[in-house]
Amino acid sequence: MKFIQAGAPHIHRARTVAALMREVVLALLPAILLHTWFFGPGLIFNTVIAITFALLGEALMLRLRKQSVGLFLGDYTAVLTAVLLAFALPPLTPWWVTASATLFAIIVAKHLYGGLGSNIFNPAMAGYAVVLVSFPAELALWTAPGAGMASTAPLTWYQTLTTTLTGTLPETLTWDQITGATPLDRVQTGLTNGEMLSEIIAGSTLSGAGANHWIIINLAVAAGGIWLLFRKIISWHIPVALLGALFLIAMVFRLADPDSFSSPWFHLFSGSAMAGAFFIATDPVSAATSNQGRLIYAAGIGLLIYIIRTWGSYPDGVAFAVLLMNMLVPLIDYYCVPRTYGHR
Amino acid sequence: MIDTLPRQLHPFSGGLSLDSMKAAALSEPVTQLPTPPEVWVSMHQHCGLAAVPCVNPGQKVRTGELIGRANGTFSANVHASVTGTVGQVCRRPIVHPGGLSEMCVQIISTPEQQHDTAFRISHDYRLADPNMLRQQVAEAGIVGLGGAVFPTALKLAAEADQTLHTLVINGAECDPAISCDEALMREHAPEIVRGIQIMLHILQINIAVIAIEDDKQAAHNSFSAALADAADERLQLCRVPTRYPEGGERQLIQVISGTEVPSGGLPIDIGYLCHNVATAFAIDDAFINGHALTSRIVTVCGNGIATPCNLRVPMGTGVRHLIDHCGGYVVSDARIIVGGVMMGFTVAQDDVPVDKSTNCILVLPEHESRSNHPVMPCIRCGDCATVCPANLLPQQLYWHARGERLDDLQRLHVADCIECGCCDYVCPSNLPLTDYFRYAKDQLWSRDAQHLRAGIARTRYENRELRLEKLQAQRQARRERHRQAVREQSDKQQAIAEAVARARQKKQRMDEDPSS
């Protein structure tokens with residue numbers, strides 16, 4: 001009989017880091033499938049490329065840092081980073097853009113800051129921001145709604161793959177034919193050109209079936225997020241504060257000037273606010289940890305998203321908003337300490 | 001029939017709902033362990049200093065006879081747990097997380113057992129002086145049987161304190177492995193009720209709340225019946241939701257009262273006093289049957305032994321003896337845990353004696369333990385803070401504990417950690433957080449002790465300096481006075497000498513010129 005010596009408690013809940021991360025990936029799956037349905041198989045290829053490079057980068061860095069490769073490679077954190085990154089990129093992003101973003105996310109944003117648990121910035125958003133400023137042209141090419149399987153003449157899987165690998169379209173097609181402005185992009189451009197919101201909506205894909213694709217994908221993201229809430233993998237504080245803040249500020253401006261400011265619903269459902277609220281800002285490592293801190297952190301992201309979308313030069317602002325608030329997390333954590341039992 | 005009172009309950013923050021492991025041990029009633037051939041009764045079965053043995057090798061003792069005398073305020077008497085002959089009186093390993101040795105008295109039992117009944121009170125206890133009863137509780141060696149083994153008489157000495165209004169009887173027993181209190185409550189509710197009535201008499205108060213978790217239906221039934229028989233308005237049965245760590249007195253009082261025990265304070269500060277059901281039973285056993293505290297119920301459980309059960313065991317029985325009684329080990333490597341799966345400690349050997357604090361011996365096969373899951377870096381998920389009943393931020397504490405930043409640990413109130421282990425249990429990275437906090441608390445204590453010592457040393461040094469200065473000044477003054485005196489003396493002598501010289505001169509002149 002061998003008597004094992006160890007400190008209390010002696011049992012542990014079955015939920016490990018790997019189980020947690022795997023479930024987050026699974027929760028995004030419905031949105032990924034719908035995305036593929038509407039925009040074509042580009043996302044699938046991007047995801048595979050991103051996961052491959054993420055695991056390569058992770059393995060390399062773990063070896064250099066003399067960490068257990070087997071243990072950390074199986075924790076699904078690199079996979080999750082890759083999946084979120086791919087989800088943020090346009091469907092026909094060339095492979096080198098995806099690879100650069102992923103490698104930056106894993107090597108610089110994650111491992112150079114100390115690896116799992118030590119990164120200040122959300123790796124996926126850091127990677128996305130780097131390619132957004134490095135490859136602006138490639139990242140502006142969003143497939144128009146209807147280029148996917150839901151339309152009558154989609155790009156084939158083979159055509160998508162060659163486009164992803166070469167960065168050029170099949171000879172029969174031009175970029176103008178298959179890409180179009182995202183709703184946020186369209187609105188921002190229109191407003192900058194002095195158009196009224198009603199004109200923009202009337203004269204574009206924003207009013208047609210295409211607009212619904214974005215809403216449906218966002219609903220799928222939200223459904224995945226609610227599943228995570230239900231499973232207690234994330235807490236309500238971040239999604240509620242982020243979406244609430246975004247909704248409120250959008251409503252204030254909308255009420256003040258309906259012609260120049262989009263509706264709060266538009267802000268919630270046409271960009272990446274849902275993904276930001278449920279999957280990005282909830283990344284525990286780079287978020288604030290106390291509940292009060294999470295409310296402040298996420299409300300800050302919500303406000304920054306609105307500010308960047310409305311007055312910034314990027315149509316969407318989730319990545320920058322998250323990264324900016326990441327910087328404030330140590331400060332928020334320092335001040336947001338809940339009242340301990342027995343203390344006044 | 002007194003039913004559960006519709007008392008307004010207040011949930012404590014955090015906590016866990018854990019899968020119960022109690023069913024196996026509770027499937028049979030409590031069995032009395034046959035008198036073991038020998039017992040090693042530890043002199044240190046309570047929280048204060050060890051008792052001083054007062055028997056000699058070869059001496060015959062009866063069950064309940066005093067063999068160790070309390071030594072100091074927080075100490076307690078120790079009595080022979082079996083009838084027999086005292087063998088050795090020597091130091092021996094006891095149940096202790098660090099495997100410490102303590103003075104133990106070996107008693108080799110004889111076939112015929114006699115139980116001393118010195119503490120029986122023949123008349124109605126209600127006529128007895130509370131102080132006398134309290135004295136008897138101390139004499140009988142009764143300590144808190146919930147695990148803290150604090151001398152019960154001290155905790156019953158609150159009569160003079162006007163703030164006390166409610167006695168809380170803790171039957172929550174929230175650890176998923178321990179079932180000794182539940183077994184006791186099922187089988188001995190009338191005795192416990194009587195014990196509570198005696199406690200109320202000693203304390204001179206009129207409210208007792210018996211808190212039992214709502215998954216212990218059988219215990220509720222026995223108490224409902226016992227309370228109906230007792231027909232005592234002062235006693236209330238309270239069904240509290242099953243949630244770990246509700247058995248912690250701070251949490252239980254919060255559930256019952258909605259108020260928090262101040263940090264660093266005691267329940268009495270807000271008018272509550274908490275005693276365990278088994279302690280109430282022990283008090284009843286002392287005054288009705290006359291027995292000193294010489295045995296207790298121990299839950300022997302876990303998948304590492306053949307037949308889990310609840311046993312009434314004389315103090316000093318070897319853990320190994322209990323395990324053999326339960327069919328022995330059925331695994332090759334296991335944790336022998338004393339005190340429950342969430343807060344118990346492991347022992348390095350099984351030939352240590354059961355004492356008053358041993359509520360549970362759990363043989364947990366190593367493959368069922370937390371060592372199955374890898375330990376990863378903290379991912380700051382905050383699950384630990386969600387489940388913390390003290391409302392701490394374990395994740396931040398962990399960070400500071402690793403960095404040994406004592407000031408930050410103090411700022412985040414690490415001292416308020418009750419070491420319940422909830423944070424460890426939910427941590428997806430399987431970090432040994434509670435170990436870190438125990439270590440951090442130790443460091444803070446030793447730093448404070450060092451500060452205290454340094455403070456004392458400094459005061460002592462300053463006083464010495466002052467004293468020396470004063471002495472110096474005194475010496476200086478004395479020297480000054482002396483010098484002054486010497487000076488005066490020499491002045492005087494000079495004057496005399498001058499006078500003498502003058503006189504001599506005069507005489508000389510007269511001698512030289514006698515004509516004038």
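Numbers restart at 1 for each chain; the letters A, B, ... are given by sequence-line order, proteins then strands.
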Taking atom [atom1] of [X] as the centre, does the number of heavy atoms from other residues, nucleotides or ligands within less than 6.0 Å exceed 12?
X: F320(A); atom1: CZ; result: yes
X: F3(A); atom1: CZ; result: yes
X: R405(B); atom1: CZ; result: yes

At a heavy-atom distance under 4.5 Å, which candidate from [options] has the highest pair count against chain A?
options: I418(B), N430(B), D408(B), L393(B); value: N430(B)
options: G264(B), P176(B), G421(B), C384(B); value: G421(B)
options: A334(B), C378(B), G344(B); value: A334(B)
options: T386(B), V347(B), I336(B), V261(B); value: V261(B)
options: Q254(B), R411(B), M343(B), Q349(B); value: R411(B)
options: D19(B), D416(B), L18(B); value: D416(B)

Given side chains that start at C-beta, do those of I4(A) and T346(B) come closer than 4.5 Å, heavy atoms only?
-> no

Please find the pair of heavy atoms, one from [X] and one from [Y], that lie closest to each other, and give the distance.
X: D435(B); Y: A8(A); answer: OD1-O, 4.4 Å
X: Y341(A); Y: S263(B); answer: O-CB, 4.4 Å
X: H12(A); Y: D424(B); answer: CD2-O, 3.2 Å
X: A390(B); Y: T340(A); answer: O-CG2, 3.3 Å

For [X], is it the side chain, the backbone, both, or neither that has a heavy atom closer than 4.5 Å to a heavy atom of chain A?
X: E368(B); value: backbone
X: I379(B); value: both
X: M342(B); value: both
X: V375(B); value: backbone
X: A385(B); value: neither
X: S369(B); value: both
X: Y329(B); value: side chain
X: N372(B); value: neither
X: R438(B); value: side chain

Interatomic spacing from [atom1] in [X] to [atom2] in [Y] - rounded to 0.5 Å:
X: H10(A); Y: E366(B); atom1: NE2; atom2: CD; answer: 10.0 Å
X: T289(A); Y: Q396(B); atom1: OG1; atom2: CD; answer: 4.5 Å
X: R380(B); Y: L116(A); atom1: CZ; atom2: CG; answer: 12.0 Å

For chain B, find which of G117(A), A18(A), G114(A) contributes the most heavy-atom pairs closer than 4.5 angstrom.
->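 Among G117(A), A18(A), G114(A), the one with the most close pairs to chain B is G117(A).
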
If you count heavy-atom pairs under 4.5 Å between each of R294(A), R344(A), R15(A), R339(A) and chain B, which one has the most?
->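 Most pairs with chain B among the choices: R339(A).
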
Heavy-atom contact with chain B under 4.5 Å, split by part of A19(A) |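 Neither part; nothing is under 4.5 Å.
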
Which portion of D333(A) sits near chain B, non-hydrogen atoms under 4.5 angstrom | both

Check step by step if side-chain contact (heavy atoms from CB on, under 4.5 Å) holds for R13(A) and L16(B).
-> CA-CA 11 Å; R13(A) 181 165 68 168; L16(B) 298 169; over 6 Å; no

